[in-house]
Protein chains: 2
Amino acid sequence: MDFTKFAQGTFANLAEDKQQAIIRAALFEFASQGYQRASCNNVVKAAAISKGSLFQYFGSKEGLFLFVFGRFVGKVKAAVKEATARQEDFFALVQAILTAGLHFIKRYPQYFQMYLQVLFEQEVPRRRELLAEVRLFSSDYFGPICARAREQGVIRTDIGVEMVIFILDAAIDRFLQAYARPYLDAGLGLASLSEADLQDKVEELLVVLKNGLQPPGLYSGSRGKGQGARGER
Amino acid sequence: MDFTKFAQGTFANLAEDKQQAIIRAALFEFASQGYQRASCNNVVKAAAISKGSLFQYFGSKEGLFLFVFGRFVGKVKAAVKEATARQEDFFALVQAILTAGLHFIKRYPQYFQMYLQVLFEQEVPRRRELLAEVRLFSSDYFGPICARAREQGVIRTDIGVEMVIFILDAAIDRFLQAYARPYLDAGLGLASLSEADLQDKVEELLVVLKNGLQPPGLYSGSRGKGQGARGER
DNA sequence: CGTTAATATGACCACCTGGTCACATTATGG
DNA sequence: CCATAATGTGACCAGGTGGTCATATTAACG
């Protein structure tokens, strides 16, 4: 919860640049190694401080990690707040979040890499809690928004809200990951695109999310009943 | 490449049940810990063999891992071959693959967990190679299929093939992950669904993939150019 | 049986980890 | 100047890792 508990204490009294050096070293380590593989020895080496000091400042590896992740959470919240400030239209909001995500990755690539490590790693202290803090497309945050969009007739009513959130989450998460980790992107080549081309891809993605993969003419009825034909039941 | 190099050698001469015990122990370890965190000591303990034997059989931790992953690859290829045997329609094929994936997870949960570990972990021997071996929605495999579907007018032509593959990959991957790892599923609750309800969700997902999130009436034009009116409209 | 080859074993090795703590250094303030 | 408090330091610890190898056990064969 309170990731800023080191805001006062010995660490806070350090010169600004020394603090920055330590944060940078720790962030680099967690971003490149994840939590478990990250080595405090590497951090103290890179930050040019002694091991004893590091543990004096943060108490434990876990404390250091929570502190660094807390900084990330702060930056995310600020970015989201700004991006979603005045978006009325549902899909415009989705697009704004996606675009904000891309900008965030460009500005704070290391923080995002650290986030991905936490997302992919199993054994990370307070993992759920931490992820919940930055995950937008959760039922909590996005459920009401979807519900409202549904009432306004912007999204179809024959699929569940959970499915809407699920598909948005899957697409956007993957898109951001593909941007941040080129080898995940199966051929989109996002990482090497110009700003303008990237925006084109974003719009292309939104077209698919809105209208699907089938050509407009071929609308294949609502789900259930006859549609299946195949199995039994 | 050749993950079966232990098919002959000391290990192959072992009694069948002893082989199984070792495979089971190793699979459990890799599935629950990933590659790096997996401990050879744990494996020999669980398999009730000596450490020297394990290294005699497989040479190294990496050798053991590649062997076990090779078994997984074999099972996947068999499952895919069977599932895609005679699917003509494009979306029926997608659905068949998704359904086959769910069945695979149900039958071989540990193998799938191990796959996810490899997917999420960075430093795994021959990672790319291994993942490529089991990844279906790659440009290589799925590109031609999409191209054909496009010519037949089953999928729209105003979005790139890469984007089609991307979105299919994202949605299906995530769906399978949500099924295998409940905490990833933001509210769908796939893991606890009955077979029939699960199929319903599969169909629901396919409806979205085909027709998008917007109601049929609201088709919002092809991408690019004019679409941008974004502010108002 | 004896001899030789194959296999099984676990103590041992070098190395790394997060964390500690007695001690050295520096700051503070009177 | 001293005395006290705060901070910095790195040798050290217990516990883990993947991997080795001399030795013990078993199998094979004549």
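On a predicted model such as this, the values are computed, not experimentally measured, just so you know.
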Does [X] place a side-chain N or O at less than 4.0 Å from the phosphate oxygens OP1/OP2 of [N]?
| X | N | answer |
| --- | --- | --- |
| A:S50 | D:dG8 | no |
| B:Y57 | C:dT7 | no |
| A:N41 | C:dC16 | no |
| B:N13 | C:dA6 | no |
| A:K18 | D:dT7 | no |
| B:K51 | C:dG10 | no |

Tell me: [atom1] of [X] to [atom2] of [N], nearest whole Å?
| X | N | atom1 | atom2 | value |
| --- | --- | --- | --- | --- |
| A:F58 | C:dT20 | CZ | C1' | 18 Å |
| A:F55 | D:dC13 | CZ | C1' | 13 Å |
| B:K61 | D:dG16 | NZ | C1' | 12 Å |
| A:E62 | C:dG19 | CD | P | 9 Å |
| B:I49 | C:dG10 | CD1 | P | 11 Å |
| A:Q33 | C:dG18 | CD | P | 11 Å |
| A:Y35 | C:dT17 | OH | P | 14 Å |
| B:Q36 | D:dT17 | CD | P | 13 Å |

Under 4.0 Å between a Lys/Arg side-chain N and an Asp/Glu carboxylate O for [X] and [Y]?
| X | Y | answer |
| --- | --- | --- |
| B:R135 | B:D173 | yes |
| B:K77 | B:E133 | yes |
| A:R24 | A:D17 | no |

Which nucleotide in the set C:dG19, C:dT17, C:dT7 lies at the smallest distance from any side-chain heavy atom of A:S60?
C:dG19
A:S39, nearest nucleotide to its side chain (from C:dT17, D:dT20, C:dT7)
C:dT17
side-chain hydrogen bond (donor to acceptor under 3.5 Å, both in side chains) for A:E195 and A:H103? Distances and angles first, verdict last.
CA-CA 10 Å; A:E195 185 77 12; A:H103 286 151; 3.1 Å; yes
Give A:A38 one of three labels, base, sugar-phosphate or nothing, depending on what nucleic acid heavy atoms sit under 4.0 Å from its own.
sugar-phosphate
With a cut-off of under 6.0 Å to the ring centre and 45° to the axis, is A:K61 in cation-pi contact with A:F55?
no
Comparing nearest nucleotides in DNA chain C, the 5'-proximal residue of the pair A:S53, A:R37 is A:R37
Judged by each residue's nearest nucleotide on DNA chain C, which is more toward the 5′ side, B:L54 or A:C40?
B:L54
